[in-house]
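A short write-up of the structure that comes next.
In what follows, every heavy atom counts, from backbone to side chain, and hydrogens, waters and symmetry copies are set aside.
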Amino acid sequence: MASKILQTAVSVIMPIYGQATFIRLISFMRVTPLLVALLLFKNILMAQSVTPDGHGLKEFSIKDKKLGLIQFYVDTVNIRRKAPLFIEVNGSGGLPLCLYVQGKKFVTTPTTFNEELYGKTKEKYHYIILGKPGTSFCDTLALDLTVAEYQKNPSQVLFAHRPSKEYTKRLSLQWRVQATQAVMSYLINHGFWDRTKIIAYGYSEGGQVVASLAVEDKRVTHIASVVGSGLNQLYDGIMSWRIKAAKGELTHQQAQDSVEAAFKRIADIYKNPTATDREVGGHSYLRWASFGTLIPFEQLRKLSIPIYMIAASRDDSSPIYGLDYVRLEFLRLGKTNLVYDTCVGCNHYLGSPEGSKPEGPGYIDKILTWVQTK
């Protein structure tokens, strides 16, 4: 019993409150020094899992004359066997796949890849994820926050972390599509693929990437777009101002002024579509113009392969009205290759704003079941 309590203390208390608090806790318990030493050593190793191998991943790299250095990671479970490929295409921003966050008297190492997806695909598939351009697997971030402040809003690391110059220079829809194609070719040429399925799973921005990827590369057999986009991303901000006016949060004149300002910025983006020295909302003009040129619905309608889309009804980042439009148009066109799933009451992270989770099977399980039957 003491051993179980101590394991909990090591995994939960010490990473947050530090070793001194941990030692004070175990002073009240009958625990052998050897067990304490072993668990402390285990915790240190876990806390230092800031390398790919510490997460069960193997790093590969491709040097491409056009795209620069492409770094990608493959799970190490049965890595030498041939298997279907399951590619995760993550969301926007220049975050690394792992962060070593140093706060006030606490350290944490959050990851930005989908650990549930990784855990549930690595046995049957080769799980693959790409790093962003010019971004190492892990980076250090110092925050002037207590653990309570961090836990209240962990997403603030998105604003505290600054992407690399290489990321800003290269990141675009085309880079993400072409880099993923290069990774697919590498894995196929080196004997990883069993020539059955290649599933491209995209979250948020990645949901738009996988649609264009499948259009460009017929080797992709399935795509899953999770809280991605249906319409032009640049339209979302415009609609947001209209909704605020309709709800009485702004006057209609205030909303119109904001819409006019938005259109002015959008016009400037389209006039300077390759600019990397101008930014809006933390993204370069290059990034915005690339994602605002190839519209997700127009890409999706070209596909005949199975598509699974998940929308969230309370999503402020990827509003559901653009995704509902995709469903409507697929019906109009008589296309039957779309499964459309709404997470009712969910936000962009597929949970409720109050912190609860929807009942029933999780969306990862639904997607994996769907892949098996298609």
Side-chain angles (χ1 to χ4, degrees), residues 91-94 155 158-159 168 171-174 176-177 202-212 225-302 309-333 338 340 342-350 353:
S92 63
S155 63
L158 296 172
F159 305 101
T168 302
L171 195 283
S172 67
L173 173 60
Q174 289 74 23
R176 299 200 73 179
V177 168
Y203 170 80
S204 191
E205 177 182 288
Q208 186 166 344
V209 175
V210 297
S212 290
S225 176
V226 179
V227 292
S229 299
L231 304 176
N232 190 328
Q233 285 188 6
L234 295 167
Y235 180 62
D236 293 342
I238 296 167
M239 182 59 72
S240 175
W241 293 117
R242 300 299 189 196
I243 291 173
K244 288 180 180 180
K247 292 168 65 176
E249 296 175 5
L250 297 173
T251 66
H252 283 276
Q253 186 59 55
Q254 288 173 324
Q256 185 62 36
D257 292 343
S258 296
V259 167
E260 293 298 334
F263 272 117
K264 184 177 180 180
R265 288 193 298 270
I266 292 168
D268 198 41
I269 289 170
Y270 282 128
K271 287 178 183 177
N272 302 278
T274 61
T276 58
D277 58 345
R278 304 187 192 185
E279 290 188 359
V280 174
H283 297 296
S284 71
Y285 275 23
L286 170 64
R287 185 266 175 203
W288 281 116
S290 67
F291 280 90
T293 299
L294 291 175
I295 309 306
F297 164 68
E298 294 176 357
Q299 297 292 80
L300 290 165
R301 67 183 294 181
K302 299 173 185 177
M309 294 189 73
I310 295 181
S313 67
R314 296 177 69 178
D315 190 344
D316 293 328
S317 299
S318 298
I320 193 170
Y321 52 75
L323 297 168
D324 281 341
Y325 182 79
V326 174
R327 185 181 185 182
L328 173 66
E329 286 295 290
F330 266 58
L331 290 172
R332 181 181 69 84
L333 295 169
L338 173 67
Y340 188 89
T342 302
C343 190
V344 179
C346 298
N347 57 23
H348 193 58
Y349 307 100
L350 298 181

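- By the 6.0 Å contact criterion, CG on D257 is enclosed, its count of non-hydrogen atoms from other residues, nucleotides or ligands being greater than 12.
- Contact between A312 and C346 at its shortest, heavy atoms only, is CB-O, 3.4 Å.
- Side-chain contact between P273 and T293 is absent, with no heavy atoms from C-beta onward closer than 4.5 Å.
- When the shell of 6.0 Å around NZ of K302 is examined, it contains more than 12 heavy atoms from other residues, nucleotides or ligands.
- In the displayed structure, Y235 atom OH is contacted under 6.0 Å by at most 12 heavy atoms of other residues, nucleotides or ligands.
- Side chain of T276 to main chain of T168: no donor-acceptor pair is present (N/O by atom type, distance under 3.5 Å, no hydrogens or angles).
- The distance from the OH atom of Y285 to the OG1 atom of T274 is 12.0 Å, given to the nearest 0.5 Å.
- To the nearest 0.5 angstrom, T251 atom OG1 is 10.5 Å from Q256 atom CD.
- Between D236 and Y321, the closest side-chain pair of non-hydrogen atoms falls below 4.5 Å.
- The backbone N or O of R287 lies less than 3.5 Å from a partner atom in the side chain of S290, making a donor-acceptor pair.
- The side-chain heavy atoms of L294 and Q174, taken from C-beta on, include a pair separated by under 4.5 Å.
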Which is it for E260 and W241 under the side-chain contact (heavy atoms from CB on, under 4.5 Å) test, yes or no, and what are the steps along the way?
CA-CA 10 Å; E260 293 298 334; W241 293 117; over 6 Å; no
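- Under the 3.5 Å distance criterion, with hydrogens and angles disregarded, no donor-acceptor pair is assigned to the side chains of R176 and Q208.
- For the pair Q233 and H283, the minimum side-chain heavy-atom distance is 4.5 Å or more.
- Atom CG of L300 sits about 11.5 Å away from atom CD1 of I295, to the nearest 0.5 Å.
- When side chains are defined from C-beta on, D268 counts as touching R278, because their heavy atoms get closer than 4.5 Å.
- Contact annotation: the side chain of I320 never approaches that of D315 to less than 4.5 Å [non-hydrogen atoms, C-beta and beyond].
- The distance from atom CZ of F291 to atom CG of L286, rounded to the nearest 0.5 Å, is 9.5 Å.
- You'll find the side chain of L350 reaches within 4.5 Å of the side chain of V226, heavy atoms only.
- Enclosure of atom OH in Y270 by more than 12 non-hydrogen atoms of other residues, nucleotides or ligands within 6.0 angstrom is indicated.
- Atom CZ in R332 sits 6.5 Å away from atom OH in Y325 (nearest 0.5 Å).
- Looking at every heavy atom in both residues, A311 comes nearest to Y340 through CB-OH, 3.5 Å.
- The minimum heavy-atom distance between A275 and S284, with the atom names listed, is O-CB, 4.0 Å.
- In this structure, S229 and P296 approach most closely via the heavy-atom pair O-CB, 3.1 Å.
- Nearest heavy atoms, W288 versus V280: NE1-O, 2.7 Å.
- When all heavy atoms of A246 and H252 are compared, the closest pair comes out as N-CE1, 4.4 Å.
- Within the 4.5 Å cutoff, the side chain of P319 has no heavy atoms near those of the M239 side chain.
- Between the CD atom of E298 and the CG atom of N232 there is a distance of 9.0 Å, given to the nearest 0.5 Å.
- A donor-acceptor pair is defined here as one N or O able to donate and one able to accept, closer than 3.5 Å; such a pair exists between the side chain of S313 and the backbone of G345.
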